[in-house]
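Scroll down for the structure; my scribbles are underneath it.
Quick caveat, the model's predicted, so the values are computed rather than measured. Proteins come first, then strands; the chains are lettered A, B, ... in the order of their sequence lines, and each starts at number 1.
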Number of protein chains: 2
Amino acid sequence: MIRIGILGYGNLGKGIESAITQNADMELKAVFTRRNPDSVTIRTVGVPVLHTDKLQEMKEEIDVLVLCGGSATDLPEQTPEYAKYFNVVDSFDTHARIPEHFANVDKAAKESGKTAVISVGWDPGMFSLNRLYANAILPEGKDYTFWGKGVSQGHSDAIRRVEGVKNGKQYTIPVEAALEAVRRGENPELTTREKHIRECFVVAEEGADLAKIESEIKNMPNYFADYDTTVHFITEEELEREHSGIPHGGFVLRSGVTGMNREHKHLIEYSLKLDSNPEFTASVIAAYVRAAYRMNKEGMCGCKTVFDIPPAYLCAQSGEELRKNLL
Amino acid sequence: MIRIGILGYGNLGKGIESAITQNADMELKAVFTRRNPDSVTIRTVGVPVLHTDKLQEMKEEIDVLVLCGGSATDLPEQTPEYAKYFNVVDSFDTHARIPEHFANVDKAAKESGKTAVISVGWDPGMFSLNRLYANAILPEGKDYTFWGKGVSQGHSDAIRRVEGVKNGKQYTIPVEAALEAVRRGENPELTTREKHIRECFVVAEEGADLAKIESEIKNMPNYFADYDTTVHFITEEELEREHSGIPHGGFVLRSGVTGMNREHKHLIEYSLKLDSNPEFTASVIAAYVRAAYRMNKEGMCGCKTVFDIPPAYLCAQSGEELRKNLL
């Protein structure tokens, strides 16, 4: 059994808890929180919730610690810190800062002899892997990544900061015509506006100036100004009823050519359609927990990403079974 | 530079030759043939065509030998034999015999200290990898593989063996309604007939009994009897004009659930649309040639499949560049 600790019990931590129940070789050992542990109720019977102060004491009880904090401030500190004592997996997703995060975590994990896997999930994660495989296969080609349809947490937060907005949710939606042009092998050059549209569902405060809210959202730099954005005003009840899920997904495509005269076109497409973004991310992490555990047992320490890990390490089945059943 | 030898100059061997021109770190050193070398003209200037007798002499000149023979009789003998002297990559695709082939090749490669990668291509190959990743992520779910639209060599051969048939080509086509049911998360149980249809383009000999040919094809056991098959009689000119390509492709899907109550559905889909089946297969092989070369340099010998190889080994870029550009 792989004994797992979860640090942070938000949506992602809850997803890890439920993913563990789907993997017979995994066991949840403890959930760690910076809050008062008494205020946190988890769904797995008999598993303690402990304060992060207790992490050190639990060193020998935990094979892999899953870090479920945020990428902005939590993980840049937590992952290098806890890699000193634990095999760890995180979902660090600030693409631009991955090289720096990798270096910090690698140093800590190499010193401790632990295995740390960073940036696990679907983007970064499965989407990155598909970009890599497709680039390796078709060196002459063009990459496209589309996100959605799905809820963007950052954009939903941005809406809620607008004056007069009580609540709101934003969906990122790929432009179907752009996707189709890529699929036809046209290799289009696509602007930001041509790739995605943004759809907002907003609950306004009573008496708020709706036209002003709509204009403020649509013209918000970085978040909405470069997109075709639609704003729908709805009631709190409708928001709750129709938009309380956290779906997401997207598409990674590579269009390339082969042949002595580059006369043959090829299209590689990978796509995800997810009812629950955090639970899917957690499911990817669970597979990489298994890899981290095994790699550490085999003496492969330091920081790893999805690029460094032999696929077979993700599965509970033996190499023999995998070759027989899946190859 | 990775110095590559090609054994067998059919469609796949030609695809390897052209893939090498797309990878700046690769160089074609020689093409080997069992035919009279004078009868084989290749497209790369200055590269010799040699008889397979000369392979042994070229041991020091070649880093990786790509075996482009057939899976029925060539590769079961060639891969274990040449793994004694070379790092090798093959595209052995008889799924049921992979365990046996693996064992034979592993023994030879471990004894020689060489690295052998078997069953590389898209199925087995990229499709297998996608089945593995999707199974690792969604342990509770259902797999689907659809092939096509594409030319099936085996089925085209079967048509051409029918009395009165001069020439013919067969397309395997996924049933769109079945694909859509899978995409909707319905987890259908699909019969052979419900998954694929078979479309045949046949050139009959003059005076042949067309009704008899059509009936013989449609009722051919294993090949066509279990499918909805359509037969079109066309002229040799039309066959040449419209059906001389070797396109293929297909879809790998996994539909699964997550959540404490398995209440969230997820769909992972991977698909390929290929103008040239052999050139795409060759492009996948080229990437695994790079991996075989590197793994051997690092002392990882024996038989490997796509499941055993860290993705980063496929790319010419460094780990640092990959993390920066693709993660």
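With respect to chain B, the highest number of heavy-atom pairs below 4.5 Å among A:E320, A:R262, A:E17 belongs to A:R262. The choice from A:T145, A:I309, A:D143, A:N325 that makes the most heavy-atom pairs within less than 4.5 Å of chain B is A:I309. Looking only at heavy-atom pairs under 4.5 Å with chain A, the residue among B:G245, B:G259, B:S255 that has the most is B:G259. For the options A:N23, A:T258, A:I98, A:N261, heavy-atom pairs under 4.5 Å to chain B are most numerous at A:T258. Of the residues considered (B:L322, B:L314, B:L253, B:T44), B:L322 shows the highest number of contacts with chain A, using heavy-atom pairs under 4.5 Å. In terms of heavy-atom pairs under 4.5 angstrom with chain B, the leader among A:H95, A:R290, A:H266, A:Q317 is A:H266.
Annotation: salt bridge (Lys or Arg N to Asp or Glu O under 4.0 Å) contacts of B:E186 (sequence neighbours excluded): B:R184. Not a single side chain to side chain donor-acceptor pair (under 3.5 Å) links A:K324 to another residue, sequence neighbours left out.
Atom CG of residue B:L272 and atom OH of residue A:Y270 lie 13.5 Å apart, to the nearest 0.5 angstrom.
Within residues 121-138 of chain B, the residues having any heavy atom closer than 4.5 Å to a heavy atom of chain A are B:D123, B:P124, B:M126, B:S128, B:L129, B:N130, B:R131, B:L132, B:Y133, B:N135, B:A136, B:I137, B:L138, listed by residue number. Listed by sequence position, A:K273, A:L274, A:D275, A:S276, A:E279, A:F280, A:S283, A:V284 are the residues of residues 273-285 of chain A in contact with chain B, using a 4.5 angstrom heavy-atom cutoff.
Proximity to chain B (any heavy atom under 4.5 Å) is shown, for A:Y313, by neither the backbone nor the side chain. Both the backbone and the side chain of B:D308 come within contact range of chain A, with heavy atoms under 4.5 Å apart. For B:V252, no part lies under 4.5 angstrom from a heavy atom of chain A. Proximity to chain A (any heavy atom under 4.5 Å) is shown, for B:F251, by neither the backbone nor the side chain.
At a threshold of 4.5 Å between non-hydrogen side-chain atoms, the residues A:R323 and B:T305 count as touching. Two residues are said to be in side-chain contact when any heavy atoms from C-beta on lie closer than 4.5 Å; B:L327 and A:F102 fail this criterion.
No hydrogens or angles considered: nothing links the side chains of B:R183 and A:S271 as a donor-acceptor pair under 3.5 Å.
No side-chain donor-acceptor contact under 3.5 Å links A:Q22 to the backbone of B:M260.
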